[in-house]
Amino acid sequence: MSQLKTIVCASLVILASCTGNTGHKSNEKYYLVCTNTKLQYWLTAASGLSQAAKLVDVSTETTGPDTYDPQAEQQAFRTALGKKPAGILVSVADPKLMKSEIDDAIAQGVPVITVDSDAPDSKRLCFIGTNNYQAGLMGGRRLAKELNGKGSVIVYSMPEQANLLERLHGYKDALADSPGIKIVETVNVKGDPRVAFDTTTEILDKGKLKPDGFACLEAIACKEVADVLERKKITGKVIVAMDTDQGTLDWIKKGGIAATIAQKPYTMAAYGLKMLADLHLNKPASLDHNWAQDTQSPLPGFVDTGATMIDKSNVDSFITSRDSGK
């Protein structure tokens with residue numbers, strides 16, 4: 001770990017361990033803006049945000065649409081900014097759409113950190129989340145192993161999201177080592193599980209593609225794929241999923257999904273809040289600065305929160321560990 005990251009991490013540990021007077025004010029408020037706020041993934045992130053807020057004695061709010069809607073997320077960000085917050089965390093559905101919003105917040109002196117999905121061309125201060133390329137490599141290698149190096153694959157994604165593009169890049173690089181495996185279709189699920197269900201049904205009914213495997217780059221699709229396969233009594237197919245909502249874990253236990261890649265949304269939100277709170281107490285002279293090229297920046301450009309493969313061998317221990325922290 002670099003000296004800079006060591007200093008930043010140490011300061012946050014100290015901040016998190018403080019009791020009594022933290023230096024923050026009770027009316028100091030931070031926002032987490034995301035899409036699909038009803039997804040378990042974002043409920044977990046909201047829990048991390050809330051717990052971190054208790055440590056530093058500030059208030060927080062998770063906001064955004066409860067379906068996948070980039071324009072509605074843009075409006076939610078504008079609304080949060082209009083309330084003069086101490087800082088904003090945002091998971092970016094559409095980087096092009098959100099760039100000007102983030103840049104406007106920075107111009108107003110409101111620090112913005114992206115979590116889970118980045119807007120790298122914006123003036124956001126830092127990105128906290130999964131190394132999505134590595135997650136894609138992880139998923140692609142597992143898929144190749146399960147398929148024994150040959151077969152056709154359907155991918156489920158949302159192509160406007162930068163994090164999903166990085167995962168797809170990782171998948172493609174991993175599968176390049178298995179020339180017998182081909183991606184024959186990429187489905188844009190548009191944040192709607194019904195699209196995943198209906199498209200999978202249509203693909204299987206038409207019978208032209210004859211997929212051997214299914215790779216989901218986001219959380220909602222693979223449960224639907226497994227459901228379709230079970231309804232049609234189709235066996236012998238390989239599904240590699242993303243994230244750990246209960247439905248996905250249940251399908252792993254039943255054998256319908258081979259594996260899933262677990263991220264850390266709780267950590268993303270909690271760590272992001274702590275970084276914003278620390279910035280509030282230690283404000284730089286200007287937020288509108290090229291932090292990426294500043295060798296004395298107080299902020300890392302990227303914080304990798306890690307990812308883990310979950311399959312039948314460790315799903316029960318994962319669930320036990322998850323539930324023990326509630």
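Values below: all heavy atoms of this structure, side chains included; hydrogens, waters and symmetry mates excluded. Everything numeric here is computed off the predicted structure, so don't read it as measured data. When a residue number appears, it is its place in the shown sequence, counting from 1.
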>> side-chain contact (heavy atoms from CB on, under 4.5 Å), that's the test. Do V187 and E185 meet it? Break it down for me.
In response: CA-CA 6 Å; V187 177; E185 184 81 13; 4.1 Å; yes
Closest contact, heavy atoms only, [X] versus [Y]:
X: Q263; Y: R167; result: OE1-NH2, 3.1 Å
X: I113; Y: G272; result: CD1-O, 4.2 Å
X: W251; Y: A226; result: CD2-CB, 3.5 Å

> Name the one of D243, V315, I257 that satisfies side-chain contact (heavy atoms from CB on, under 4.5 Å) with L249?
Replying inline: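 The passing option is V315.
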> Pick from V240, L147, V184: which one makes a side-chain contact (heavy atoms from CB on, under 4.5 Å) with V153?
Replying inline: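 By the side-chain contact (heavy atoms from CB on, under 4.5 Å) criterion, V153 pairs with just one of V240, L147, V184: L147.
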Decide whether [X] and [Y] meet the rule of one side-chain donor and one side-chain acceptor closer than 3.5 Å.
X: T44; Y: Q40; answer: yes
X: D94; Y: Q161; answer: no
X: Y156; Y: T199; answer: no
X: N36; Y: Y41; answer: no
X: D278; Y: N282; answer: yes
X: D69; Y: T67; answer: no
X: E73; Y: T35; answer: no
X: T248; Y: D245; answer: yes

When rounded to the nearest 0.5 angstrom, what distance separates [atom1] in [X] from [atom2] in [Y]?
X: R194; Y: T201; atom1: CZ; atom2: OG1; value: 13.5 Å
X: Y271; Y: T305; atom1: OH; atom2: OG1; value: 11.0 Å
X: K123; Y: I102; atom1: NZ; atom2: CD1; value: 12.0 Å
X: I128; Y: K264; atom1: CD1; atom2: NZ; value: 13.5 Å
X: Q246; Y: K223; atom1: CD; atom2: NZ; value: 10.0 Å
X: N163; Y: D116; atom1: CG; atom2: CG; value: 5.5 Å

Return yes if some donor-acceptor pair links the side-chain N/O of [X] with the main-chain N/O of [Y] below 3.5 Å, else return no.
X: D173; Y: G140; result: no
X: S178; Y: G180; result: no
X: S297; Y: L299; result: yes
X: K237; Y: P211; result: yes
X: S152; Y: I183; result: no
X: S321; Y: F318; result: no
X: S117; Y: V92; result: yes
X: E218; Y: I220; result: yes
X: N314; Y: D311; result: yes
X: R141; Y: A174; result: no

Within the 4.5 Å heavy-atom criterion, are [X] and [Y] side-chain neighbours or not?
X: E101; Y: L81; answer: no
X: M275; Y: L279; answer: no
X: K96; Y: E160; answer: no
X: V238; Y: F214; answer: no
X: V58; Y: L273; answer: yes
X: T200; Y: E224; answer: no
X: K25; Y: D57; answer: no
X: V90; Y: V115; answer: no

>> More than 12 heavy atoms of other residues, nucleotides or ligands under 6.0 Å from NZ of K145: yes or no?
In response: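 Not buried by this count: 12 neighbours or fewer within 6.0 Å.
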>> Would you say NZ of K210 has more than 12 non-hydrogen atoms from neighbouring residues, nucleotides or ligands within 6.0 angstrom?
In response: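 No, NZ of K210 has 12 or fewer neighbouring heavy atoms, counting only those of other groups under 6.0 Å.
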> Parallel under 30°, tilted from 30 to 60°, perpendicular over 60°: which one fits the rings of H280 and Y30?
Replying inline: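 Rings of H280 and Y30: perpendicular, as their planes differ by over 60°.
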> Is the closest basic N to carboxylate O distance between D227 and R231 below 4.0 Å?
Replying inline: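 The answer is yes: the pair qualifies as a salt bridge.
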> Do D192 and K190 meet the salt-bridge criterion of a basic N to acidic O distance under 4.0 Å?
Replying inline: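 D192 and K190: not salt-bridged.
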> Can you list the steps and then say if D103 with K99 is a salt bridge (charged side-chain N to carboxylate O under 4.0 Å, His left out)?
Replying inline: CA-CA 6 Å; D103 292 351; K99 179 184 182 303; 2.8 Å; yes
>> Does K150 form a salt bridge (charged side-chain N to carboxylate O under 4.0 Å, His left out) with D212? I'd like the steps, not just the answer.
In response: CA-CA 9 Å; K150 60 182 180 180; D212 303 292; over 6 Å; no
